[in-house]
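The figures here come from the full heavy-atom set of this structure, side chains too, leaving out hydrogens, waters and symmetry mates. In each ligand, atom 1 is the first atom listed, and ligand 1 is the first ligand listed.
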Amino acid sequence: MSNSQTPAQNSASSAAIYQHVSVLFQESVAILSPKDGSILVDCTLGGGGHTSLMLSLAGPTGRVIAFDRDLVAIENARIRFQSEISAGRLTLVHSAFGRIESEIDGLGLRGKIDGILADIGVSSHHLDAADRGFSFMNDGPLDMRMDQSQGQSAAEFLASADEKEIADVIFKFGEEPKSRFIAKLICERREATPFTTTKSLADLIASKVFWKEASRKHPATRAFQALRIFVNNELGELESLLNNGPKILRLNGILAVISFHSLEDRISKQAMQALTGKTKRQELPREIPFTQAEVALLSESHAEIIKPFPTIPSDEEIRTNPRSRSAKLRAIRVTKEYSVNK
Ligand SMILES: C[S@@+](CC[C@H](N)C(=O)[O-])C[C@H]1O[C@@H](n2cnc3c(N)ncnc32)[C@H](O)[C@@H]1O
């Protein structure tokens with residue numbers, strides 16, 4: 001396959017209010033080894049780039065199931081892929097991919113899936129659309145929910161959580177060394193003026209946290225990342241996918257994940273390693289009292305890692321799409337089927 005952006009991606013422009021340039025576009029779909037008749041799952045439809053390539057490689061007898069928890073992505077795809085949907089080749093699922101097992105069961109496809117891809121995190125649409133409240137660069141309501149039909153927004157969390165809870169979130173999901181200081185600032189300021197906009201939060205952090213203007217990183221970067229991960233339970237979702245995704249794959253089926261920061265990549269790497277059965281008791285968290293049976297289960301091999309090192313974008317991809325720079329693609333192949341019964 002050539003490495004340029006394809007007609008599949010370009011055709012998005014007609015429908016796309018949901019703009020996103022797919023990362024590791026060909027590599028991530030190719031790793032699933034799609035062929036005529038394949039049944040594939042795209043956990044993260046977004047702008048539909050990967051879905052579109054899956055549809056063309058799976059051919060007229062293939063099928064793609066595409067998840068997104070964002071209704072705007074789903075509605076956009078309904079227009080863009082009208083004919084594939086009518087032909088029964090594409091099924092859109094408005095749901096979080098953490099529910100993959102029950103959704104795929106609902107479609108009667110357990111054990112029939114050839115490949116699953118998750119290109120996790122937010123899309124360019126989220127970052128660019130001020131009204132979604134993900135970016136400190138664009139002023140908008142401090143929302144950050146990918147699924148705006150449920151859950152609490154970032155503003156609601158900051159209005160109701162106590163200082164320690166806010167500090168813990170900023171530290172755990174943003175790895176922000178000044179988390180306690182930032183949480184204190186937030187709690188002091190919210191007494192007078194609640195945070196309802198992205199700018200009010202970004203400006204407060206920028207005005208009180210020392211930073212060099214010349215530095216490339218805005219001082220609110222880590223806090224925004226943390227709130228986004230927390231509000232959307234992004235790491236919990238990834239863990240559910242890594243636990244349950246392999247169970248719905250057929251023998252030799254492949255699960256591939258593109259992650260964008262070290263917290264996510266660590267989870268993918270460890271969970272995939274665990275599926276190979278090479279996890280030893282001493283590598284499991286000490287604080288969890290695993291029984292012998294659980295350790296034995298964890299040491300059972302269900303999969304093999306496809307490549308020892310993650311696939312990363314080429315220099316050319318990073319130059320044309322700087323948002324791809326931290327992407328890492330990891331994948332496993334199921335070598336022992338899970339029982340068909342749940
Ligand atoms: C990086 S974009 C995917 C872009 C897509 N691969 C493409 O080629 O256009 C991530 C998408 O996944 C969705 N998403 C993120 N976490 C999700 C989850 N847990 N469940 C379902 N969708 C999720 C987001 O709403 C967003 O649309």
Side-chain angles (χ1 to χ4, degrees), residues 5-6 8-13 15-32 40-57 64-77 80-81 90 92-104 115-129 132-134 143-151 225 228-245 256-261 263-264 267-268 313 317 321 323-329:
Q5 296 288 293
T6 66
Q9 284 187 300
N10 293 336
S11 74
S13 54
I17 44 163
Y18 203 102
Q19 297 280 2
H20 183 81
V21 177
S22 306
V23 169
L24 292 169
F25 180 55
Q26 288 159 355
E27 298 88 327
S28 58
V29 178
I31 211 165
L32 305 179
L40 304 169
V41 175
D42 185 350
C43 290
T44 48
L45 166 73
H50 289 122
T51 293
S52 165
L53 183 56
M54 286 179 183
L55 281 165
S56 69
L57 296 177
V64 177
I65 320 299
F67 285 70
D68 207 297
R69 69 202 309 195
D70 188 323
L71 202 52
V72 182
I74 296 284
E75 293 305 336
N76 186 57
R80 178 176 174 191
F81 296 111
L90 174 63
L92 300 176
V93 183
H94 179 223
S95 164
F97 58 64
R99 292 174 37 80
I100 191 166
E101 196 180 3
S102 57
E103 294 289 348
I104 292 297
I116 304 173
L117 172 65
D119 169 21
I120 57 185
V122 284
S123 64
S124 297
H125 168 79
H126 289 140
L127 297 172
D128 297 339
R132 300 303 299 266
F134 283 97
D143 190 324
M144 297 199 190
R145 285 169 303 163
M146 293 181 202
D147 183 351
Q148 292 183 300
S149 68
Q150 54 182 300
Q225 171 188 300
R228 186 202 99 198
I229 292 176
F230 172 75
V231 161
N232 294 291
N233 184 26
E234 289 183 38
L235 303 186
E237 280 289 311
L238 178 57
E239 281 165 1
S240 297
L241 173 67
L242 289 159
N243 278 331
N244 300 322
V257 175
I258 306 175
S259 61
F260 287 87
H261 55 74
L263 294 172
E264 294 168 344
I267 291 174
S268 292
E317 178 168 0
N321 180 17
R323 282 178 181 166
S324 70
R325 65 186 173 277
S326 50
K328 283 189 180 159
L329 168 68

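The nearest non-hydrogen atom to atom 24 (C) of ligand 1, considering only Asp68, Leu45, Leu117, comes from Asp68. With atom 4 (C) of ligand 1 as the reference point, the heavy atom nearest to it among Ile74, Asp119, Thr51, Leu241 is part of Asp119. Nearest to atom 10 (C) of ligand 1 by heavy-atom distance, out of Ser22, Gly121, Gly98, Ala77, is Gly121.
Taking distance alone, with nitrogen or oxygen atoms compared against 3.5 Å, Ala96 stays at or beyond that limit from ligand 1. Taking distance alone, with nitrogen or oxygen atoms compared against 3.5 Å, His20 stays at or beyond that limit from ligand 1. Between Phe67 and ligand 1, no N or O atom pair is found at a separation short of 3.5 Å. Annotation: Arg69 places an N or O atom under 3.5 Å from an N or O atom of ligand 1; distance criterion only. For ligand 1, the polar-atom distance check against Asp70 finds no nitrogen or oxygen pair separated by under 3.5 Å. Residue Asp42 has no N or O atom closer than 3.5 Å to an N or O atom of ligand 1.
Arg145 and Asp147 are not joined by a salt bridge, as no carboxylate oxygen comes within less than 4.0 angstrom of a charged side-chain nitrogen.
At a heavy-atom distance under 4.0 Å, no atom of Val23 approaches ligand 1. Only the side chain of Met146 comes within 4.0 Å of ligand 1, judged by heavy-atom distances. Residue His126 touches ligand 1 through its side chain alone, judged by heavy-atom distances below 4.0 Å.
Of all atoms in ligand 1, numbered sequentially from 1 with element shown, those under 4.0 Å from a heavy atom of Gly49 are 7 (C), 8 (O), 9 (O). Numbered from 1 in the order shown, with element, the atoms of ligand 1 that lie under 4.0 Å from a heavy atom of Glu237 read 18 (C), 19 (N). Close contacts of ligand 1 with Ser95, meaning ligand atoms under 4.0 Å from a residue heavy atom, involve 20 (N), 21 (C).
Looking at Gln148 and Asp143, their side chains do bring a donor and an acceptor atom within 3.5 Å of each other.
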